[in-house]
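This report concerns only the one structure given below.
Below, chains carry the letters A, B, ... as their sequence lines are ordered, and counting in each starts from 1. As a basis for the values below, the full set of heavy atoms in this structure was taken, side chains included, without hydrogen atoms, waters or symmetry mates. The shown structure was predicted, so the numbers you read here are calculated from the model rather than taken from an experiment.
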Amino acid sequence: MNAQTKQLPKPPGKLKHALTFVIVLFLLWGSAVQTEASFGRLISGIPNMWDLLKEMFPPNWAYFDNIVNPMLDTIRMAIAGTTIGAIFAIPLSILAANNMVRSPWVYQIARFILNLLRTIPDLLLAAIFVAIFGLGLIPGILALAVFSVGLIAKLTYESLETIDRGPLEAMTSVGASKLQWIAFGVVPQILPHFISYVLYTFEINVRAAAVLGLVGAGGIGLYYEKTLGFLEYDKTNSIILLTLAVVLAIDYFSTKLREKLL
Amino acid sequence: MNRNRWLHWLIAIALVLIYVWTFWDIRFSGIKETAGKITRSIIQGIFSPDWDYVYLPDGEDLLRGLLDTLAIAALGTFISAVLCIPFAFWAAASRNKSMALSGAGKFVLSFIRTFPEIVMALLFIKAVGPGSFAGALALGLHSIGMLGKLFSEEVENMDAGPTEALIATGASRLQVLWFAVIPQVLPGFLSYTLYRFEINVRSATILGIIGAGGIGTPLIFALTTRHWDRVGIILLGIIVTVTLIDLISGYFRRKLA
């Protein structure tokens, strides 16, 4: 009897859980104080919100004529940014994979660069590029490209590290050159994954490109400030609806394509 | 084989057309002549940042801006983690529920996900006025989309055994929830909440661009007034904060898994 009770596992400590709970509560309370959150303001704001929603409906259907072109610009920006990002991601992902590059120095530095690229949100990058290049599509494309490099290269190098070594060893044993080794051993294994990641990044970039205009980087985002500034909320609603429709459609097709690839 | 080759050609032609359409209209001539100079100034600013801005005894400085950003992210994540639970159970497919019901829940969640957080913040600014609170509310509402989806998948993957065992012994619905459902889904819920917190810290840094609080406001101000050394220190601050939060949150997520 005694021996049996000794074998029973101890229940997890209650104190640790309680302490974690208290710390989280304390942090949340601090956050609420810092952001000056108050239920009173939220509740007194609800009528404002309701008025806003009432003015947003029905959407201004005629306004669609004005925003179709900016929407196409947005898609162009996403395509161009993703493509440039994908091209630069190829060498970086090879440098970051530890089965492609022997030296830990090289792949650790490459990974550090990739992590650094992904810490800065694309809207901030766009704001900086707008300061450099001026208003237009170019800063938007560059911002998306920088962000895409980080994301595509990270996903690709992680797949590269899990590829099958068999074909590679077979190629080495028959005396293939380094270029042949990559073209016939690595590329066929990684290509479907790579294309899938590019499509995934494209989905993210379409969403991002839709708001880049807020900092002056072109596309449909520019029109949010225009319509909100003139209190034309029915037009704002048209922009939101068009963006939602385009994003959902692109997501749908891209997901279907990705399912076919893998 | 022949059909495959046709398909490849078709894809290639479609791609070429898409790229021609993409790059045909883009004007590369609009670039400012000062671009090179400004780039140099920004890089110089990043390597010789305005250290004095880190802490100013009175008013707006880097540390307070970053603290504000973290507070927005934390509050937003908490709001969404609470609000998304009913959505998660709604969208989760299970045996005693119609496909249409869970399908509707999934659609609502993907709709919320698609709505850009920055636009949501614009609308909340109209409702509660500019400031961090509007930002936190926007993040809270937007994050429901992703957290609800991840939570509902966690509920779907739950083992039915414990629930059935408890029902068989005559437990009440509340007891089933407390002893069978919550212990199974809690680690997953917490892990996803932390993951979303990481994303929200990044999002909170941009909310300031439209006046919804956080470090974005001084950054945009420094950019428009051309204080490049200040831009440098703010960028450094963002990079360090995001990296630290990722490391800490990643450590806790590994412990939960």
Distance, nearest 0.5 Å, that separates CG of A/Leu124 from CG of B/Leu219: 5.5 Å

With a 4.5 angstrom heavy-atom cut-off, could you sort out which part of B/Phe115 is near chain A: side chain, backbone, both or neither? both

CD1/A/Ile240 to CE/B/Met120 distance, rounded to the nearest 0.5 angstrom? 9.0 Å

Minimum heavy-atom distance A/Met49-B/Ala127, with the two atoms named: SD-CB, 3.2 Å

Cut-off 4.5 Å, heavy atoms of chain B, and the answer for A/Tyr233 is side chain

More than 12 heavy atoms of other residues, nucleotides or ligands under 6.0 Å from CD of A/Glu36: yes or no? no

Taking all non-hydrogen atoms of both residues into account, name the closest pair between B/Thr114 and A/Arg207 and its distance. CA-NH1, 3.9 Å

Candidate pair A/Ile79 and B/Phe23, rule side-chain contact (heavy atoms from CB on, under 4.5 Å), full reasoning: CA-CA 9 Å; A/Ile79 295 176; B/Phe23 288 101; 5.7 Å; no

Of the backbone (N, CA, C, O) and the side chain (C-beta and beyond), which part of B/Leu67 lies under 4.5 Å from a heavy atom of chain A, both, or neither? both

When rounded to the nearest 0.5 angstrom, what is the spacing between CG in A/Leu28 and OG1 in B/Thr77? 9.0 Å

Within a strict 4.5 Å, meaning less than it, do heavy atoms of the A/Ile120 and B/Ile239 side chains meet? yes

Within this structure, what is the CG-CD1 distance for the pair A/Leu214 and B/Ile210, rounded to the nearest 0.5 Å? 7.0 Å

Pick one of side chain, backbone, both or neither for A/Leu228, based on which atoms fall under 4.5 Å of a heavy atom in chain B. both

Minimal non-hydrogen separation, A/Arg76 against B/Trp21, with atom names: NE-O, 3.1 Å

Select one option (side chain, backbone, both, neither) describing which atoms of A/Leu123 are under 4.5 Å from chain B's heavy atoms. both

Quick one: do B/Val119 and A/Val211 satisfy side-chain contact (heavy atoms from CB on, under 4.5 Å)? Show the steps, please. CA-CA 8 Å; B/Val119 176; A/Val211 293; 4.2 Å; yes

How close do A/Ile128 and B/Leu223 get, counting heavy atoms only, and between which atoms? N-CD1, 4.1 Å

Give, as side chain, backbone, both or neither, the part of B/Val128 having an atom under 4.5 angstrom from any heavy atom of chain A. both

Of the backbone (N, CA, C, O) and the side chain (C-beta and beyond), which part of A/Gln34 lies under 4.5 Å from a heavy atom of chain B, both, or neither? both

For A/Leu231, is it the side chain, the backbone, both or neither that has a heavy atom under 4.5 Å from a heavy atom of chain B? side chain

So B/Ile38 and A/Phe133, do their side chains get closer than 4.5 Å, heavy atoms only? no

A/Ala131 portion near chain B, given a 4.5 angstrom heavy-atom threshold: both

Measuring heavy-atom distances to chain A, does B/Ile72 have an atom under 4.5 Å in its side chain, in its backbone, in both, or in neither? both

Enclosure of A/Tyr63 OH (heavy-atom neighbours >12, cutoff 6.0 Å): yes

Side chain, backbone, both or neither of A/Ile46 within contact of chain B (heavy atoms, under 4.5 Å): neither

In terms of heavy-atom contacts, B/Ile220 and A/Ala127 come closest through CD1-CB, 4.1 Å

At a heavy-atom separation under 4.5 Å, does B/Leu123 approach chain A through its side chain, its backbone, both, or neither? both

CZ of B/Phe124 to CG of A/Leu52: how many Å apart, nearest 0.5 Å? 10.5 Å

If I compare all heavy atoms of A/Ser31 with all of B/Ala74, which pair ends up nearest, and what's the gap? OG-CB, 3.5 Å

